[in-house]
2 protein chains.
Amino acid sequence: MPATLRDVAERAQVSMRTVSNVVSGYTHVSEKMRKRVLEVIDELDYRPNPVARSLRTGRTGLLALVVPEIDVPYFSALARDVINAAAAFGYRVMVDQTGHDHDQERELLTGADRTMLFDGILFSPLVTKAELLEMSSPTRMPIVLLGEHEFDGRYDHVAIDNVRAAHDAVAHLIASGRTRIAAIGAQPLEEYATPQQRTAGYESALSEAGIDIDPRLAKPAAHYSRADGYRAAAELLAQSRRPDAIFCFSDLLAMGAMRAIFDAGLSIPEDVAIIGVDDIEEGRYSRPSLSTVSLDTAFIAEQAIARVTARIDEPELPPREVVAPHALVVRESTAH
Amino acid sequence: MPATLRDVAERAQVSMRTVSNVVSGYTHVSEKMRKRVLEVIDELDYRPNPVARSLRTGRTGLLALVVPEIDVPYFSALARDVINAAAAFGYRVMVDQTGHDHDQERELLTGADRTMLFDGILFSPLVTKAELLEMSSPTRMPIVLLGEHEFDGRYDHVAIDNVRAAHDAVAHLIASGRTRIAAIGAQPLEEYATPQQRTAGYESALSEAGIDIDPRLAKPAAHYSRADGYRAAAELLAQSRRPDAIFCFSDLLAMGAMRAIFDAGLSIPEDVAIIGVDDIEEGRYSRPSLSTVSLDTAFIAEQAIARVTARIDEPELPPREVVAPHALVVRESTAH
DNA sequence: ACCTTCTTTGCTAACGTTGCAAACGCTATG
DNA sequence: CATAGCGTTTGCAACGTTAGCAAAGAAGGT
């Protein structure tokens, strides 16, 4: 049974208040007092009970990171940086997975006894804007949206410029002489922001180059997984006039697409060039290495943590949109 | 400002105790009472405060998962399964990263105000056995060790049979006609259990086949990363008589090694066969696809959660060792 | 020597919940 | 009709901490 503040106070012959002052680093406490208390703390191996402290202060020091699946490389890289950034601010991070399930997502945000455990939430949502607006009005929880949504002025928001990122990728394919450029990743449901934005960037790049938009070259993908990428690429190759380049909305889609292209007996980049988005490490070691649009997860994580901690300390802060930088990274899969 | 139990009680004209009974699903509460209370709860949008509940009950419903780096595919797959398994038991999971740092690891286990936040810890340690023994004696925290350690009878422990797993991998290479079989992953520091065990399996398989053990074919790797695999393989290829197969202690090492082999102008598996351990999804889509020893992360996660939750409910349970199954998966990188 | 100011300490009351044990009201039984 | 018995409800007291208030003590200035 662990020692409490009271135990320490009794043993050290001082008031609980004094012990508390020592523990929480209050400035005005005499040297001899502090020394005496610290000795007893050490003696009894006292550790402050964080639950009691949280009840009293209203802070838990916990943040929630909500992602669809933690084992998707982009999200695990993001989680790594979020956990590290949070640690620098004295916070720890709980990871929740929604598994691409809207109900689960809603449950995690509004859910009964869960909410008040956290000081804030970092949320990488699938839900549509309308749903989001509706769902989180009741809770006053500081929340930062990551990477997925249009800024509506109601939430803090950290994301890249998806339209430009997609545009840059496709423009690069065009610059290297490709003309039949497919896209993998358009979402079946139209309300998702990211795929819509990337589709917009894809189409604008084609239009600028005077290339007609061929709807048969745009393949949907539900989960941005390797399997979805494989399937979509296989379908593209089976079509009459096959593409000479594919813009994949994520690196993971691209990894699947590349494998499908090889299985079809074609070469990358000779027959088909491939470019993805995310810059996961896997793409640096694959054969061929994967050209991509690099997202700065460390930057995103730091900004998100900075926003959420600021809002925890000052709830009435006006929401802000932070646009994270992106950069085209050319590797073997689009070399010419 | 959120409604409390007292607010609900006053509004519904019942005692706090009754509200509590309704909320926590106590059996003996009349239908009309329950209905009245539930209505008020809905009206005030009351949510139980989990911190207060935790202080009272001594349970937080939180588990800690401690891993070196969450963005290593094996650990993120494990985390995925751990989070899901924990959810099935009503627990949520905090993820902590040690960053391969012993001090950080120790800090997380014994650390000041952190410990009592969790009901239990799942720990994938780097630390040596001796360190572990010493460090966690003070805390009474239910703890399950994952995958890395010899069973010493003091902790619950879930892991594969590392010696046999390594043996199976190397025996497969031998069966496909390889004779100069290198190993990547032996740890510079000798106290780590996993690399030692895998080295033992590697050597026993060679011995059984009557193949001499050549120390120049065993390359260390500090972090089991792609970069380490690349570096080690490059060194192996630069040696006078190059290996015709490489057993990598992790799939990630293997991904790096494969890239190094291609960069040296060699073919897989024709010139060099490659096999890893873990069975990460990346290896199913790589070119060539990667032979490996598959670890059942879902099984490991379920067992670990079952053990830790059992110990939370019954602290004096005798520690148990659970051996998770492994299976050789032959893919293109060792095809003959 | 006395008054003011600055430190330092102690007492006490929350924070929001649940466990304990007693009290209540009702029905079934002797 | 009294009483045992059961199911239902309630008051009180923690769980371990921090914070407000106020008083005691020390230090400095006139």
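Protein chains get the first letters and strands the later ones, always in sequence-line order, with residue 1 at the start of each.
Residue A:Ser15 places at least one side-chain N or O closer than 4.0 Å to OP1 or OP2 of C:dG10. For D:dT8, neither phosphate oxygen OP1 nor OP2 lies less than 4.0 angstrom from any side-chain nitrogen or oxygen of B:Ser30. The phosphate of D:dT17 has neither OP1 nor OP2 within less than 4.0 Å of any side-chain N or O from A:Ser20.
Remark: the backbone N or O of A:Val67 is not paired with any side-chain donor or acceptor of A:Ser124 at under 3.5 angstrom.
For the pair A:Val14 and A:Val19, the minimum side-chain heavy-atom distance is below 4.5 Å. Between A:Ile143 and A:Asp156, every side-chain heavy-atom pair lies at or beyond the 4.5 Å cut-off. Counting heavy atoms from C-beta on, the side chains of A:Ile312 and A:Leu63 come closer than 4.5 Å.
Remark: P of C:dG16 and CG of B:Asn21 are 20 Å apart, rounded to the nearest angstrom. What separates CZ of B:Arg36 from P of D:dT10 is a distance of 8 Å, to the nearest Å. We find that CD of B:Gln13 is positioned 17 Å from C1' of D:dG11, with the value rounded to whole Å. One interatomic measurement links the two molecules: CG of A:Leu5 to P of C:dG10, which rounds to 12 Å at whole-angstrom precision. Note: CZ (A:Arg56) to C1' (D:dG16) measures 11 Å, nearest angstrom. Rounding to whole angstrom units, CD of residue B:Glu10 and P of C:dT17 are separated by 13 Å. Look at CZ on B:Arg53: it is 18 Å from P on C:dC15, rounded to the nearest Å. Residue B:Arg6 contributes atom CZ, which lies 7 Å from atom P of C:dC15 at whole-angstrom precision.
B:Thr18 comes within 4.0 angstrom of a base, heavy atoms only. Looking at heavy-atom distances under 4.0 Å, B:Met16 makes contact with a base. As judged by a 4.0 angstrom heavy-atom cut-off over every strand, A:Val51 is placed among residues making no nucleic acid contact.
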Go through B:Arg11 and B:Glu43 one step at a time and tell me if the salt bridge (Lys or Arg N to Asp or Glu O under 4.0 Å) criterion holds.
CA-CA 10 Å; B:Arg11 197 107 201 267; B:Glu43 212 172 307; 2.7 Å; yes

Intermediate values then yes/no, side-chain contact (heavy atoms from CB on, under 4.5 Å), A:Asp7 and A:Thr4
CA-CA 5 Å; A:Asp7 299 333; A:Thr4 74; 3.5 Å; yes

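The 5' end of DNA chain D is approached more closely, in terms of each residue's nearest nucleotide, by B:Lys32 than by the other of B:Leu55 and B:Lys32.
Every residue was checked against the side-chain hydrogen bond (donor to acceptor under 3.5 Å, both in side chains) condition with B:Ser54, not counting sequence neighbours, and none meets it.
DNA chain D contains the following stems of three or more consecutive Watson-Crick or G-U pairs, with both distances under 3.5 Å: C:1-30 with D:1-30.
Side-chain to base pairing of A:Arg17 with D:dA19: one donor and one acceptor N or O lie within less than 3.5 Å of each other.
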